[in-house]
Enquirer: 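One structure follows; several queries about it will come next.
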Amino acid sequence: MRKIKIIFLILLFLIVGGLLHYALPQHDIVRVTSTEVIRTDFTWINRRFYAQADSGGAELVTRDLRLINTEKKLTFLFGFVPRDSTKVMVYRNEDTGWIWPPYFKFDSSDLQAESAAEISVSGTEQWAVMTHYGWRNKYLSIYPNAIGIRSVDGPDVRIIPWFNIFFFVFLVVAFLFLRAVWRQFRERTIDPAMQDMGDSLGSVGDAVAEKRGRFRRWIDTWRS
Amino acid sequence: MGLVRLVFFGFIGLSVIYFLISIYSRSVRREKLEDRWGQDNPDGGDPTAREAFIDEGMARYNTGIRPKLILLVYVIPTILVVAIHILTTYY
């Protein structure tokens, strides 16, 4: 039972963590090398890693996809520890529209133009901060989706992830609130009902009381 | 179409949160009133008077500012959506 619980918790942590890692904004320090448009055919496997056609357009089985080719500074630990090396990174640039993930992005064409304006040639490097979400996977041909780009003076900028800070604070507050709600509900509604049930059953005999004790113990396992 | 879906499901989701907070807040207030009565009347007091005391307190709660503040559950996410949309699309 304990083992199942631990495995379940690890799985839950991995799924929720993966979802957050996919959907929350991240910042890369990049040097845009080119922008391009490729035609894309999706499969049922990689379709879920793409948003939809441009807002206002029709959703067809095949469509063009804007890409931004860059060279990005590598980091450790989700961007908190900078490194000296660089690596190519390709971002897609799609409208997320009104639905998931909730970036409400409609300006893909503008972003493509801004990225093109950031194109930097070797020798006179021009660095920019690319905000994005999503994953790059070569086997599935999926790309992180670019959300915004802004130019910076050099590659050594300190980026403070304000949104993520607020988001995790909110997550903790929401968790504490839900726990308080659940405790209040248990204290005011479930426990008195249990008490009533126990009182009425008490006259039936010890056997039932023993059963109830077991039931209570089972309920108690949910408390920890 | 996407906007309609967002508003529809967003409204349902926020309504669930709204009722959750309302019930919780009311329950906490009732418990506080019960505790206060218990402090003033350690022997339990008259049950009818106790009920009247709690009912009066709850009536005061219902006309107070707190239940109206819970409506912010609808307002804040709307502001957030508009803010995120403006920040991503125009900046």
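Chain A is the first sequence line, chain B the second, and so forth, proteins listed ahead of strands; every chain is numbered from 1.
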Enquirer: Can you say whether the rings of Tyr24(B) and Phe177(A) are parallel (under 30°), tilted (30 to 60°) or perpendicular (over 60°)?
Expert: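 Taking Phe177(A) first and then Tyr24(B), their aromatic rings stand perpendicular (interplane angle over 60°).
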Enquirer: Of all of Ile86(B), Ile23(B), Ile21(B), which one pairs up most often with chain A through heavy atoms under 4.5 Å apart?
Expert: Ile21(B)
Enquirer: Between CZ of Arg30(B) and CZ of Arg188(A), what distance do you get to the nearest 0.5 Å?
Expert: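 With rounding to 0.5 Å, CZ (Arg30(B)) is 7.5 Å from CZ (Arg188(A)).
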Enquirer: Rounded to the nearest 0.5 Å, what separation is found between the CH2 atom of Trp98(A) and the NE2 atom of His85(B)?
Expert: 4.5 Å
Enquirer: Which pair of non-hydrogen atoms, one from Phe104(A) and one from Ile84(B), has the smallest distance, and what is that distance?
Expert: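 Closest pair (atom of Phe104(A), atom of Ile84(B), distance): CD1-CG2, 3.9 Å.
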Enquirer: Within the supplied structure, the quantity of interest is the number of heavy atoms (other residues, nucleotides, ligands) at a distance under 6.0 Å from Arg66(B) CZ; does it exceed 12?
Expert: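 Result for CZ/Arg66(B): open.
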Enquirer: Can you check whether anything in residues 5-17 of chain B gets within less than 4.5 Å of chain A, heavy-atom wise, and list it by number?
Expert: Arg5(B), Leu6(B)
Enquirer: More than 12 foreign heavy atoms under 6.0 Å from OH of Tyr22(A): is that the case here?
Expert: yes
Enquirer: Identify which part of Leu111(A) has an atom lying under 4.5 Å from any heavy atom of chain B, answering side chain, backbone, both or neither.
Expert: neither
Enquirer: Heavy-atom count check: over 12 atoms from other residues, nucleotides or ligands less than 6.0 Å from Asp153(A) CG?
Expert: no
Enquirer: Can you check whether Thr131(A) reaches Thr88(B) side chain to side chain, under 4.5 Å on heavy atoms?
Expert: no
Enquirer: How long is the span from the OG1 atom in Thr89(B) to the CG atom in Asp95(A), to the nearest 0.5 Å?
Expert: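 Reported to 0.5 Å precision, the distance equals 8.5 Å.
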Enquirer: Against chain B, label Gln52(A) side chain, backbone, both or neither, depending on which of its atoms sit under 4.5 Å from a heavy atom there.
Expert: neither
Enquirer: What residues of residues 73-83 of chain B sit under 4.5 Å from chain A when only non-hydrogen atoms are counted?
Expert: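 Residues in range: Val81(B).
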Enquirer: Tell me, yes or no, whether the heavy-atom count around Lys87(A) atom NZ, taken from other residues, nucleotides or ligands under 6.0 Å, exceeds 12.
Expert: no
